[in-house]
Amino acid sequence: MKATSIEKVKELQQDASNIRNICILAHVDHGKTTLADALIASNGIISKRMAGKLRYMDSRDDEQLRGITMKSSAISLHYLLETKEYLVNLIDSPGHVDFGSEVCTAVRLCDGAIVVVDVVEGVCPQTHAVLRQAWLEKLSPILVLNKIDRLITELKFTPDEAHLHLQQVLEQVNAVTGSLYSAEVLEKTGQTESSQVVYDWSSGLADTDDSKLYFSPSHGNVVFASAVDGWGFKIQHFSRIFSKKLGIREKILTRTLWGDYYVNTKTKKIMKGAQAKGKKTLFVQFILENLWAIYDAVFIKRDKERSEKITKSLNLNISARDVRVGKSEPRAYLQSICSQWLPLADAVLSSVCQYLPSPSEINGDRVEGLMCAATKSFSALHQESRALKQDFLSCDPTSSTTIVLVSKMVAVEAKLMPQNKPRYLLCTSLLVFENEKNEQFIAFARVFSGTLKVGQTLFVLGPKYDPTSILDLNVSASNPHVSQTSVTSIYLWMGRELESLEEAPAGCIVGIGGLEDVVLNSATLCSSMACPPFNALTVDVAPIIRVAVEPYLLSEMNNLVDGLKLLNQADPCVQVMVQETGEHVVIAAGEVHLQRCLDDLKNRFSKIEIKASAPIVPFRETVIKRPKVDVLNELIETQDKNIMQKWSKEKGRNNGSVVIETPNKQSTLVVRAVPLPTDVVKILEEQSDLLKLLSSMEGLLQLPSPLEQETLEQIKQLKSSLEAAFSSAGRRKWSNAVDRIWSFGPRGNGPNILLNNEDDYNRPSIWTCAYVDDDLQSKECDQSIVSGFQLATLSGPLCEEPMHGVCFVVEEWKISAPPAASTEGQKEQEDRIGLLSGRLISASKEACRRSFQAQPQRLMAAMYTCNVQATAEVLGKVYAVLGRREGRVLSEDLRDGTNSFDIHATLPVAESFGFAEEIRKRTSGLASPQLVFSHWEVVNSDPFWVPTTEEEIQHYGEKADFENQAIKYMNSVRRRKGLFVEEKTVEHAEKQRTLSKNK
Amino acid sequence: MSIFTPTNQVRLTNVAIVRMKKCGKRFEIACYKNKVMSWRNNTEKDIDEVLQTHNVFTNVSKGQTAKNQDLIKAFGVDNQTEVCRQILAKGELQVSEKERSDHLEAKYRDIATLVADMCVNPDTKRPYTMTVIERAMKEDIHYSVNPTRSAKQQALQVIKMLKEKININRAEMRLRFFIPGKEGKRIRDKLRPMIKRVETEEFTSALEMVCLVDPGSYRAIFDLVSKESRGKGRVEVMDLKDVEETEEMF
């Protein structure tokens with residue numbers, strides 16, 4: 001067949017009823033791309049012989065290499081059904097779970113879906129997912145039962161067994177659809193019940209008709225196929241043939257060809273109950289046995305004569321070449337027979353054209369679903385916006401309102417663009433373009449109403465745009481989510497290639513150029529401002545796998561940042577961010593997705609050598625109350641008094657305070673570290689902005705504070721809430737604590753407090769926001785104490801990480817009188833102050849650190865909350881993975897109407913690298929976790945703990961070589977920073993290699 | 001043709017010798033390799049894991065033990081183990097390969113951490129990560145670590161070298177000045193050359209100024225202010241380094 005000319009496509013585009021927008025959905029490796037190949041071959045774009053091997057839609061190198069599809073890509077096909085011509089816009093989507101977002105973008109633009117299921121593997125996790133997605137987007141599906149050849153050649157089923165198996169698979173698929181349906185009905189009735197007073201006992205399921213939902217061969221929405229061998233059929237095909245042969249009406253045959261029917265040869269009647277009577281069903285007798293015969297003759301026995309007989313009886317015209325190679329390459333021979341006998345493309349495309357809706361038949365529900373998010377009701381939209389619904393429904397190319405939905409941006413290499421394509425050269429790859437702009441972004445879009453023309457100016461509405469605000473206030477384009485742009489070019493997607501178009505009428509799926517500066521990922525283009533942006537894509541997979549990327553050479557940092565920006569635009573599912581540490585973090589949906597992102601970054605977007613590594617995990621340091629029990633859960637006091645005494649001796653004072661003097665003994669500081677109550681820490685964390693303001697205000701000279709009344713109010717509120725938190729933690733211990741706060745740290749706004757407990761030093765409170773200058777001397781050095789405290793809290797003694805929730809109480813602070821200062825004059829005095837303040841900073845820092853060390857120190861780990869959805873059968877494996885990674889399960893609930901569980905757990909960030917991948921592998925993809933940072937948690941074990949008592953030594957051995965989580969974390973951070981790690985260079989002296997080198 | 005006969009030759013393998021000269025005599029002890037440093041920084045606590053034998057020698061390789069009299073004369077005790085401890089603590093030794101490389105690597109990282117901590121990318125005001133700095137030290141400036149100089153000193157030197165190759169700067173310090181009276185204007189003019197950028201400036205009864213300076217000139221600024229204002233002016237550190245701290249999504 002000749003390839004369809006672009007003119008033909010243009011002509012067909014004009015009438016929306018000729019168009020079918022469909023996508024192919026399935027689990028990974030169920031044969032989507034192979035099916036697409038067969039359809040493409042029917043248009044003559046690729047050779048029929050190569051169909052199934054070429055994987056035309058997989059245009060990327062790594063897609064071909066790995067054999068999986070990684071992006072959704074479109075192609076326009078021409079199909080002639082009876083006398084009517086159709087334009088089928090086919091979108092091939094990836095099946096791997098990592099690329100769920102690509103499936104979303106494909107589903108968004110389509111009206112119908114081809115769901116492919118591998119009959120050997122049956123319904124797989126992704127099949128569930130895509131069925132659900134098609135359901136949510138309200139697409140009409142048809143089912144393709146693929147790889148039937150494997151039943152014959154691999155599993156060696158008899159036709160009877162195969163029939164039974166096919167029935168089971170079909171039931172599985174219908175069960176999934178049924179559960180989606182019942183879940184939705186239950187949800188709906190649940191909503192209405194809550195509002196109604198009268199309680200309706202019927203579940204609502206009985207009232208609603210569901211027969212249309214299911215797949216059934218007799219309805220014509222099931223295709224039996226083997227894409228790799230290029231054949232496929234609907235039972236309608238056979239019922240037509242056999243109705244002539246048997247003289248039974250076609251309609252009856254269609255109804256009975258699938259199911260428990262057999263033909264009584266004597267009476268020439270079709271009877272029910274084939275299984276019970278041990279008879280062959282019609283399906284087996286008329287269809288499967290014929291197929292089996294062909295496979296047996298051509299492929300298994302390689303019987304040349306029989307094969308030729310079959311081809312003759314089927315009236316097929318097989319090329320001599322195929323017959324000749326029949327012996328050595330039976331598959332090719334088989335393919336040429338089958339694809340002529342039962343052409344796959346015909347079977348699939350005819351049901352597509354018959355059963356799937358055209359763009360003009362778009363139903364109201366779907367339009368409402370597109371226009372408003374599930375949480376908002378359609379009627380809440382503005383009047384003018386609601387009026388647009390009519391434009392959607394009519395799908396009229398002549399309509400004055402143009403509405404276009406952009407579902408993703410695709411980066412296309414410049415040399416593939418039609419205007420750059422050398423027209424009369426065959427070896428495109430040999431051409432080298434100079435001064436090219438390497439990547440161009442083309443929007444993957446569908447026109448819903450009106451006609452999109454080159455040069456047309458449209459509003460670009462971002463995903464966050466709200467039409468009500470604009471319409472009511474009548475403000476024009478000052479909104480950040482709206483911009484105006486003109487369309488520079490329109491393209492037709494042809495798989496790997498693009499064709500230029502001048503215009504695109506409603507119903508088409510096209511590529512739009514010139515939007516890369518205004519559209520990030522998705523957007524709505526509209527000629528009217530009233531259009532609401534299409535609601536956010538329902539993405540099942542949120543990105544969870546994080547890696548830090550950095551350029552191999554530091555000088556190429558800018559290339560990396562530019563590349564990351566492009567990557568972010570090209571892939572809707574990837575997240576890119578810069579962290580506080582300066583790391584550039586890429587967050588992808590899975591390992592395969594990540595690999596693709598990194599490849600793209602390396603080879604296309606930044607074109608530099610990059611390095612990816614586990615991101616730096618932050619920790620915090622804190623002190624806790626002295627524990628009452630030891631590791632073995634025995635009371636400490638009862639065991640060993642000596643240790644307690646040793647403790648108090650070291651400290652110098654009983655309560656754990658530390659005395660520090662400046663080198664010249666001029667000033668003395670006594671500091672004690674105390675853990676802060678958790679409520680207080682929480683407040684401090686939440687209000688860090690306010691604290692920052694507070695500490696920057698401190699020491700300002702203006703007396704009437706320049707703050708707004710509102711912020712002053714907030715400060716007062718903060719103060720009172722702190723007071724409440726302190727008093728609930730212990731009235732006596734923390735009495736008056738809030739007024740005595742000296743500073744917050746680190747950086748003036750952290751969750752640590754410096755407390756002034758020195759009776760003689762009546763320091764103005766931090767809360768006054770204005771200062772009364774009474775004692776300059778004290779004030780000068782006051783700042784030094786604060787600086788020292790800030791430095792100490794910024795990097796603690798455990799591994800130089802910031803402290804968290806520690807209160808440093810200054811018990812005493814004395815500055816002795818200058819030793820004979822008065823005679824030497826003013827200048828001496830100034831120098832002295834300068835020196836003292838420097839020394840005091842280091843003294844105060846030292847005091848804080850030492851007092852911290854005098855308390856039981858603990859490391860705090862950042863924790864993720866982790867939500868896992870898992871089915872009952874893999875629950876145990878999820879728990880195992882969580883347990884191995886120090887996770888803790890908080891709750892576990894069965895989700896209503898399904899058999900999946902929601903597990904709620906916490907997991908240390910340090911253990912999360914590779915967690916998502918592990919859990920997916922372990923559960924074969926049946927559980928998918930989501931991780932969100934939640935809080936800091938104290939790691940229970942003491943990083944300095946060594947077994948001391950006899951029982952402990954007995955229990956843990958002398959070296960305590962069991963896994964101590966805290967010391968593991970601490971040492972890893974220390975090693976990274978090049979700090980001292982208490983670790984022997986060689987563990988066992990005698991076990992070293994003893995030979996000298998020169999022997 | 002010479003035939004190697006192991007019987008007449010005792011090779012010292014896995015031995016590290018620690019020497020000490022005292023009272024004109026040389027004392028040596030035989031230790032295991034890679035263990036003496038661990039002993040000195042107190043990670044190894046078992047002396048038997050450090051010493052091959054508790055004998056004190058005058059020459060380990062010849063197997064000559066030290067005389068008791070000499071020990072008493074030099075150390076005041078004749079307890080061999082006690083003398084060994086003293087020699088271990090103070091004697092000189094050849095640092096073995098592994099110990100040296102460990103030490104150098106730790107120092108290298110320490111320097112990289114310090115540099116990463118002190119510097120920012122001036123375009124974005126964001127810090128570079130330590131791993132990037134580490135690689136830049138190797139690839140861009142081919143820095144070799146000096147084991148004797150302090151990490152801080154070397155870090156400052158590295159920054160200077162890196163500046164020539166790549167876009168990097170010390171993170172600036174945010175300072176606030178209070179200078180009362182008419183001194184303000186004069187001092188401000190003197191401060192000018194040291195200040196990178198003035199953020200706010202108010203001049204009512206006193207000069208109040210917030211500005212960014214290079215951390216290296218802090219000391220000079222501080223001295224200048226306290227000297228010129230005769231102790232009346234104040235310098236406060238508001239931020240040790242001015243860096244972008246928020247996370248940013250692209």
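Naming: A, B, ... by sequence-line order, numbering from 1 per chain.
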Chain A contacts, top residue of [options] (heavy-atom pairs, under 4.5 Å):
options	value
B:Asn41, B:Val15, B:Asp117	B:Asn41
B:Thr131, B:Asn121, B:Leu162, B:Asp123	B:Thr131
B:Thr43, B:Asp110, B:Val120	B:Thr43
B:Glu139, B:Glu99, B:Gln52	B:Glu139

Note, A:Lys565 side chain near A:Asn568 side chain (heavy atom, < 4.5 Å):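 Not in contact.
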Top contributor to chain B contacts, counting heavy-atom pairs under 4.5 Å, from A:Lys611, A:Glu800, A:Gln569: A:Lys611
Relative to chain B, which segment of [X] carries a heavy atom at a distance below 4.5 Å: side chain, backbone, both, or neither?
X	value
A:Ser555	both
A:Arg975	both
A:Glu583	both
A:Leu791	side chain

Given that the side chain runs from C-beta out, which part of [X] has a heavy atom under 4.5 Å from chain A: side chain, backbone, both or neither?
X	result
B:Asn167	neither
B:Lys98	both
B:Lys45	side chain

How long is the straight-line distance from CE of B:Met209 back to CD of B:Glu199, given to the nearest 0.5 Å?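 If I round to the nearest 0.5 Å, the distance is 11.5 Å.
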In Å and rounded to the nearest 0.5 Å, what is the CG to OG distance from A:Leu567 to A:Ser606? 9.0 Å
Charged N to carboxylate O under 4.0 angstrom, B:Glu172 versus B:Lys125?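 Counted as a salt bridge, because a side-chain N and a carboxylate O are separated by less than 4.0 Å.
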Do B:Arg109 and B:Glu105 meet the salt-bridge criterion of a basic N to acidic O distance under 4.0 Å?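 Counted as a salt bridge, because a side-chain N and a carboxylate O are separated by less than 4.0 Å.
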Can you establish whether the number of heavy atoms outside B:Lys160 located under 6.0 Å from its atom NZ is more than 12? no
Would you indicate whether B:Gln94, at its atom CD, is surrounded by more than 12 heavy atoms from other residues, nucleotides or ligands within a distance under 6.0 Å?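 Count not over threshold, so no.
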Under 3.5 Å, is there a donor-acceptor pair linking the side chains of B:Tyr143 and B:Gln157?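 Judged by distance alone, the side chains do pair up.
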